[in-house]
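Take a look at the structure below.
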Amino acid sequence: MPELSRRRALTAAAALATAAGVTTVTALTASASEDPRHPQHAGHPEHPERSEHTGHSGHDQHAPASFDEVYKGRLIQGRPAAGGAHQHHGGGYAVFVDDIELHVMRNADGSWISVVSHYDPVPTPRAVARAAVDELQGAALLPFPAN
């Protein structure tokens, strides 16, 4: 029988901890999807209208409305993102200030932030565009290089 080294003992402990964590997460997820207090989970029998999950970048019934306005002398626009726009963080929604895309991100709680006002979450894409204009104080928005 091979001798039990410290490396093998730590590897075995890590594997057991990972297995226990996966089991716990799976159990919690299963119980949450059966909880009537959480109707947002897909396939809930009491909420068949929510049975289709659109995914991270899909368009759903909660997509923000488009806007096109002049705010403090700057043209701000927001609309569902076309195929060429960076869609990962914005949830399929694009915001522009003077025809330059403002990189936005939708947070888990539904609030929005941008690269210009990253630490000030706001409720809508229109509000994030206005906050960016306020923060820019007349400076030009530079394009954000999306990787």
Side-chain angles (χ1 to χ4, degrees), residues 7 9-147:
R7 177 178 287 177
L10 288 174
T11 301
L16 288 172
T18 301
V22 169
T23 303
T24 303
V25 169
T26 304
L28 289 174
T29 303
S31 66
S33 66
E34 297 169 3
D35 190 345
R37 295 174 295 170
H38 299 286
Q40 72 273 15
H41 294 286
H44 196 278
E46 294 178 15
H47 301 280
E49 71 277 6
R50 292 200 170 191
S51 61
E52 292 184 28
H53 180 67
T54 58
H56 186 64
S57 64
H59 300 287
D60 61 8
Q61 66 272 20
H62 301 294
S66 296
F67 63 92
D68 186 351
E69 68 180 51
V70 175
Y71 176 73
K72 294 187 177 180
R74 310 287 292 269
L75 175 64
I76 60 172
Q77 300 169 310
R79 59 184 171 266
H86 181 72
Q87 297 182 17
H88 180 70
H89 299 296
Y93 199 83
V95 175
F96 299 87
V97 176
D98 296 331
D99 293 322
I100 298 173
E101 186 172 8
L102 173 66
H103 185 79
V104 297
M105 185 173 87
R106 189 170 198 173
N107 294 323
D109 65 356
S111 64
W112 292 79
I113 58 175
S114 74
V115 295
V116 176
S117 58
H118 198 80
Y119 298 105
D120 187 23
V122 293
T124 64
R126 182 187 307 252
V128 82
R130 289 177 175 176
V133 168
D134 292 341
E135 190 70 28
L136 287 169
Q137 300 178 3
L141 176 65
L142 299 177
F144 185 78
N147 297 340

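Scope of the values below: all heavy atoms of this structure, side chains included, with no hydrogens, waters or symmetry mates.
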With the side chain counted from C-beta on, respond yes when [X] and [Y] share a heavy-atom pair under 4.5 Å apart, and no when they do not.
{"X": "Arg130", "Y": "Glu69", "value": "yes"}
{"X": "Asp120", "Y": "Glu135", "value": "no"}
{"X": "Leu75", "Y": "Asp68", "value": "yes"}
{"X": "Thr124", "Y": "Pro64", "value": "no"}
{"X": "Asp98", "Y": "Leu141", "value": "no"}
{"X": "Asn107", "Y": "Pro121", "value": "yes"}

Next item on the list: Write down the atom of Val95, the atom of Pro125, and the distance for their closest heavy-atom approach.
Entry: CG2-CB, 3.9 Å

Checklist line | Contacts of Arg79 that satisfy side chain to side chain contact (heavy atoms under 4.5 Å, CB included) - sequence neighbours left out | finding: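 Side chain to side chain contact (heavy atoms under 4.5 Å, CB included) check on Arg79 returns Ser66, Gln77, Phe96.
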
Next item on the list: Look at the side chain of Tyr93 and the backbone N and O of Ala65, then say whether any donor-acceptor pair between them is shorter than 3.5 Å.
Entry: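 Between the backbone of Ala65 and the side chain of Tyr93 there is a qualifying donor-acceptor contact (under 3.5 Å).
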
Next item on the list: Determine the sole option in Val116, Leu136, Ile76 for which the side chain to side chain contact (heavy atoms under 4.5 Å, CB included) test with Leu102 is passed.
Entry: Val116

